[in-house]
Amino acid sequence: MADAPFVSVSGLDIDLEVPGGRLHAVRDSSFDIALGETLCIVGESGSGKSMTALGLMGLLPSNAHRSARRLRVGNHDLLSLNRREMADLMGREMAMIFQEPMTSLNPCYTVGNQMSEMLIRHLRMGRRPALTLARDWLDRVGIPPTAGRLDQYPHQLSGGLRQRVMIAMMLMCSPKLIIADEPTTALDVTIQAQILHLLAGLQRELGITMIFITHDLGVVSRIADRVAVMYAGQIVEMGRTREILRDPQHPYTRGLLECVPAPGKTRPGAHLGTIPGTVPSLVGQLSGCGFAGRCPHAAVGCRGEIPALTVRADGRQVRCLFTPDALWSAA
Amino acid sequence: MQDAEATTEPTIPTPGAVLWGKILRHKGILFGGGIVAVMVIVAVLAPLIAPYDPYAQSLISRLQPPVWLDGGSWQHPLGTDHLGRDYLSRLMHGARISLIIGACTAAISGVLGTTLGVVAGYFGGRVDTAITFLVTVKLSIPTILVALAVVQLVGGSLTVVVLVLGFLLWHQFAIVARAVTLQIRDMDYITAARMIGCSRARILLTEVMPNLMNQIIVVLTLTMASAIVIEAALSFLGVGVKPPLPSWGIMIAEGRTHIFFDPWLVMIPGAALFALVLSINLLGDGLRDVTAPQGRN
Amino acid sequence: MLRFLLRRAGLALLVALCVSMLTFALLNITIDPALAMAGEDATDQDIQALRVAMGFDRPAHVRYLDWLQSVLQGDFGVSPYFGLPVSDLIMDRMPVTVTLGALATAFAVIIGVPLGVVAAIYPNTLIDRVSLSVAVFGQAIPNFWFSLMLIILLAVQFPIFPVSGTEGFSSFILPTIVLGTNAIPPIMRLTRTGMLDVLSSDYIRTAWAKGLQPRQVFFKHALRNAIVPVVAVAAIQAANMFGGSIVVEAVFALHGIGMLAYESIQRSDIPTMQAVILIFSLFFIGFSALSDVINAYLDPRIRVS
Amino acid sequence: MNQHANANGGTEPLLELRDVTRSFAVKSGLFGPTLQLQAVRGVNLSVHRGDVLALVGESGCGKTTLARMLMGVLPPTEGEILYRGQSISKSPLAERSRHIQAVFQDPYSSLNPRKTIGSIVSLPLRVHRQGGAASIREETLRMMDMVGLPARFFDSYPNQLSGGQRQRVAIARALILKPEIVICDEPTSALDVSVQSQILNLLTDLRRELNLTYVLISHNLGVIEHMATEVAVMYLGRIVEKAPGTALFSQPRHPYTDALLSSVITPDPDLGIPTIDLGVSFPNALSPPSGCAFHPRCARALDRCQRIAPPVTHDSKGTVECHLLDVAP
């Protein structure tokens, strides 16, 4: 990449104060995203993928501490902004779409009110033109402007429609970066495909950079330019989507892919691949590779130092002491 | 999905141990519980440790001030009242009345309200509609007014006050028990128990009730506190238990005649009442804190 | 919306009917009203005479229907103690109680709601601790004792306020403080927990993500949702205060409905007792219906299906 | 695999549903009018011994209601559910519980937080008074071992276990009475992928060892394709297509099944996001569309689909409810 990346995150750490001590939710996370590119952050629950997104947006819960060497979006250095300046950026330059469409809209206000509020705040529009623009945007996300949708309340809409409203609302001020945190997880499969279509289409059309958080490798394969796989608070592997899915080099990525039931790969009645054990606790002092306890290839060295994220020949980054040759050929 | 997964460790303590740990670290519970414990001990042992007979009048030593005021002596550390009765001894015996009223009322209303609430929540439908209506009607009835009226008409005694308050203070139990049971009813472990073939009684007793107890105990403490205050108010108005019983409410009412010259006659029993109610409330609030389901984040 | 209002009014009427029945039963069936009214030195003949004079010798349900019919026409009977129609007594006493109720409700809401909001916005800070202490204090202090303490402290040591009687606005100040102090804790606590709940909800996170200003997030998005349960509790508190607080009116010698209730109870004046209990219930029923209507306005999920 | 022999209906079905309908009274708003919601509308279905019958459909299609009726905790408003030819609503609960058990979706709400694992797993034995304390304990430990729970969990509480371990506890509780049929209601949808595969493998092994019949309710078509021998697709309370798993996945016959299958997203970077031609709005279940309930969303809907309920076609390849079957071969 010749240009400077549009989003640049370096050394992001997020700790949570929990009853037992400090939970290291995100550890030393670094990634760059080019303008218009889609980066998928994939991982299981507790991997820190949502915390990364919230940390970037400055929406962390009150018991969280964030620190980073660099957090840049476009020309803005997020680390140097105060709360007010950050609020000016949110919704305007960078927007976020959440997982639960059922609870993410305020039940007390109409769709029109909640949408136009953004335009009034950021674009200093009047109420009337704001409502007109909101109607246009609803049309754009596939909600016909006929049925007086602007005057409806969220509880009168289905989950799929609410997510469309959310997408319209968040894209109305033409942000340059959109962070989507599992936007389709709570939806049915047919709706999921429709929403992904809509989101990917609008992203391409408007040239938006996207960070897409998901646990679903299927979704990753269809939407991402690049993937970051997170495990136990760390990025364990990052690279171009095709390469990661076709030739995973971290044992966790490989294990995860084998767990997914896929047609042709697993016969009914046959066994799926598994990753034995459970995720380690992230509370307190941590040492060694986070995956060592569940890794079939773990060696003595894996339990000492935390392995660094190293760049391999094809440009992909892997946080593992061993190369794939050393791992799979022996097995 | 469950972020709790990330912190799953083989060494997680049992729910009981977690609860005790929280209780022992909660200042409100320790403070409130401590004062309540002291009051209970004093009340139980009052006949043994009270320096005087609380009913013994002595016209020579009337209205002696407490020890920290001019003219007070250690003979009567809290002074004497207008009939020369030892104020400390009356205060100690008064604690018995307050605690008996509080405990008995809370027990009666607890059984009544919890049963109604659990039945309404578990069975739902018409039963629920009927019980909810009953609660609405109960809420519309003025507690103090009706308590005053009935106690006045029937005659004031400890038993009457307890029964009347017991039948007037059950609504909070019913509301809480119903709300919690409604949540528990939809839990899959209830469905599992039904599929196993457990009887209704068994499900209610072994699956629903244990999960309800925490909240019921909280309501129990708060109801106990309001019963104590209401009894004192009734007695203060001259319609509760009757003199010469040393109810704190009666002591305040009797001291009121001397409010301008001997205000401590009002202050001391009132302060005792305030302290008891405050500590029961602190205990209840604390228990609510430690038994509340884990919040988000 | 009209359907909602009609059904809510129907429920209120049904509750009122049940309460009137219960009140009547309590004071006429569970005890012998003639015996209670006659006093301790009355002879059997006196009691029998009273029974006939007051009509207590008729069957209970006849008396109830009779009473209900009169009540619906605004006639609560004649008070044997005061020797006046009960409705006159009530009309006479109502202004004092309503004034006190309105003042105390306003006091409790004006202190309780902002305190709860601020405590929730700045949790675990000094202001949060102070407001929680206020709540704990207000919840535990017995109001009759608190009244006496205020009298000792303010009226006697620093005689600024009248300690009893109904002489102009200033005589309402201490009673308002006492009643209001009792009503602040539930209002403040519920506002605080409601705000805390709402502030951690998904749609508040959305509001922040939209870049809205804190003022908009807290007051437009959070408060409207958090206030719904507060309205219900404030209505209960208001009903208690509008219905007349016996204790506070008795201590401060305010001649309101509460005082009337106290006097009638001391004299076993059953017609008056029945009337004040019913009036109190009607205040409660009215206020809780009002709170449901306000909440239907605030929360469209109740209003729009 | 003997799935095809079963599909022919040669043997007597273990579980049979005849015209099962379930409606609920729904209140709109606090004081609104009461409406009837038909969650399940005239379902016919049979489950044969050894089958893994999967019920699939989107949220609101009635699969959970159907599952609860199969569990026997919700009676049908109309129709009958037969176990070995006998109506289960007439057989006593204690009797039924020996044959049909269930595993639930949420491993957090399916275990009573106040009871130990040992007490949860052994509850069925204690309720049915099967043996003394010692033998119950022994049997419980054996069952725990079978589902991969170490004996040291016997005195643990659910909060001390992970989601996957809890789901193993739920499975142990369901199997300890040696039932023939296990209703698995979204058994893995609350779990992470790596844990999901562990539980699916366990269910596969147990089925083989204990000769179990599963009714698997899921919205995850990947899981269904992996597990199911028979698949029934539900739409707005009706089963619109039922066929053996392999046949249904290779050759869907109902347009809804087709749409459902094409919306599945597998990890394949060579494919794009599928286009789903179903419109944006979901019909209101309180007033299902006339004729074929699917017609407003069906891209190939004919004129008669709006008016006439589609006929049920029952042939060697399965059962389908669609007008288009007569049109296109």
Side-chain angles (χ1 to χ4, degrees), chain B residues 28 32 133-134 136-155 222 225-226 228-230 232-234 236-239 248-249 252-253 255-256 259-261 263-264 266-267 269-282 284-285 292 295-297, chain C residues 11 14-16 18-19 22-23 26-27 30-33 35-37 132 135-137 139-146 148-149 151-153 156 189 196-197 200-201 236 239-240 243-247 250-251 258 261-262 264-266 268 270 273-274 276-277 279-285 288:
Chain B
F133 182 75
L134 193 64
T136 314
V137 171
K138 163 64 204 58
L139 282 172
S140 317
I141 291 176
T143 309
I144 295 203
L145 204 54
V146 169
L148 272 172
V150 175
V151 173
Q152 166 73 13
L153 294 175
V154 178
L222 300 178
S226 37
I228 289 172
V229 172
I230 293 175
L234 296 189
F236 171 76
L237 293 171
V239 193
W248 290 347
I252 296 172
R256 197 182 163 195
I259 187 167
F260 296 136
F261 303 106
W264 50 268
V266 170
M267 285 181 186
L273 181 61
F274 181 42
L276 178 59
V277 172
L278 183 73
S279 26
I280 295 177
N281 281 345
L282 283 177
D285 287 347
R296 275 160 284 192
N297 308 329
Chain C
L11 178 71
L14 199 61
V15 173
C18 286
V19 170
L22 271 175
T23 313
L26 206 60
L27 297 185
T30 51
I31 52 161
D32 182 349
L35 197 68
M37 281 173 76
L132 274 179
V136 169
F137 173 85
Q139 191 185 8
I141 196 156
N143 54 8
F144 61 95
W145 184 66
F146 186 35
L148 295 175
M149 288 295 103
I151 289 173
I152 293 173
L153 191 71
V156 180
R189 274 169 189 258
L196 279 177
D197 266 8
S200 65
S201 70
I236 293 178
N240 280 328
S245 166
I246 298 185
V247 174
V251 174
Y262 184 42
S264 65
I265 287 168
Q266 279 181 316
S268 300
I270 287 178
M273 282 159 79
Q274 267 170 357
V276 289
I277 293 177
I279 295 284
F280 185 101
S281 304
L282 289 180
F283 266 115
F284 186 92
I285 293 164
S288 70

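All heavy atoms count here, side chains included; hydrogens, waters and symmetry mates do not.
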If you count heavy-atom pairs within less than 4.5 Å of chain C, which of B:Leu276, B:Val266, B:Val229 leads?
B:Val266
From the list B:Val239, B:Leu282, B:Leu278, the residue making the most non-hydrogen contacts under 4.5 Å with chain C is B:Leu278
Residues passing the side chain to side chain contact (heavy atoms under 4.5 Å, CB included) test with C:Ile141, sequence neighbours excluded, are B:Phe274, C:Phe137, C:Trp145, C:Phe146, C:Asn182
Is [Y] close to [X] at the side-chain level, that is, under 4.5 Å between some pair of heavy atoms?
X: B:Leu237; Y: C:Gln266; value: no
X: C:Gln139; Y: B:Val277; value: no
X: C:Cys18; Y: B:Phe133; value: yes

Quick one: what part of [X] sits under 4.5 Å from any heavy atom of chain C, side chain, backbone, both or neither?
X: B:Ala233; result: both
X: B:Val150; result: side chain
X: B:Ala275; result: neither

Output the option from [options] having the highest count of non-hydrogen pairs under 4.5 Å with chain B.
options: C:Thr23, C:Val19, C:Leu282; result: C:Val19
options: C:Leu196, C:Val247, C:Leu22, C:Val136; result: C:Val136
options: C:Tyr262, C:Phe284, C:Phe283, C:Phe144; result: C:Phe144

At a heavy-atom separation under 4.5 Å, does C:Leu148 approach chain B through its side chain, its backbone, both, or neither?
both
Under 4.5 Å to a heavy atom of chain B? For C:Leu14 that would be both
So CE of B:Met267 and CE of C:Met149: to nearest 0.5 Å the spacing works out to 4.5 Å
Taking every non-hydrogen atom, the tightest pair across B:Gln152 and C:Ser268
NE2-OG, 3.8 Å
Could you go through residues 136-149 of chain B and list every donor-acceptor pair under 3.5 Å that involves a side-chain atom there, pairing it with any protein atom two or more places apart or in another chain?
residue, atom, partner, partner atom, Å
B:Thr136, OG1, B:Thr132, O, 2.8
B:Lys138, NZ, B:Leu168, O, 3.0
B:Lys138, NZ, B:His171, ND1, 3.2
B:Ser140, OG, B:Thr136, O, 2.7

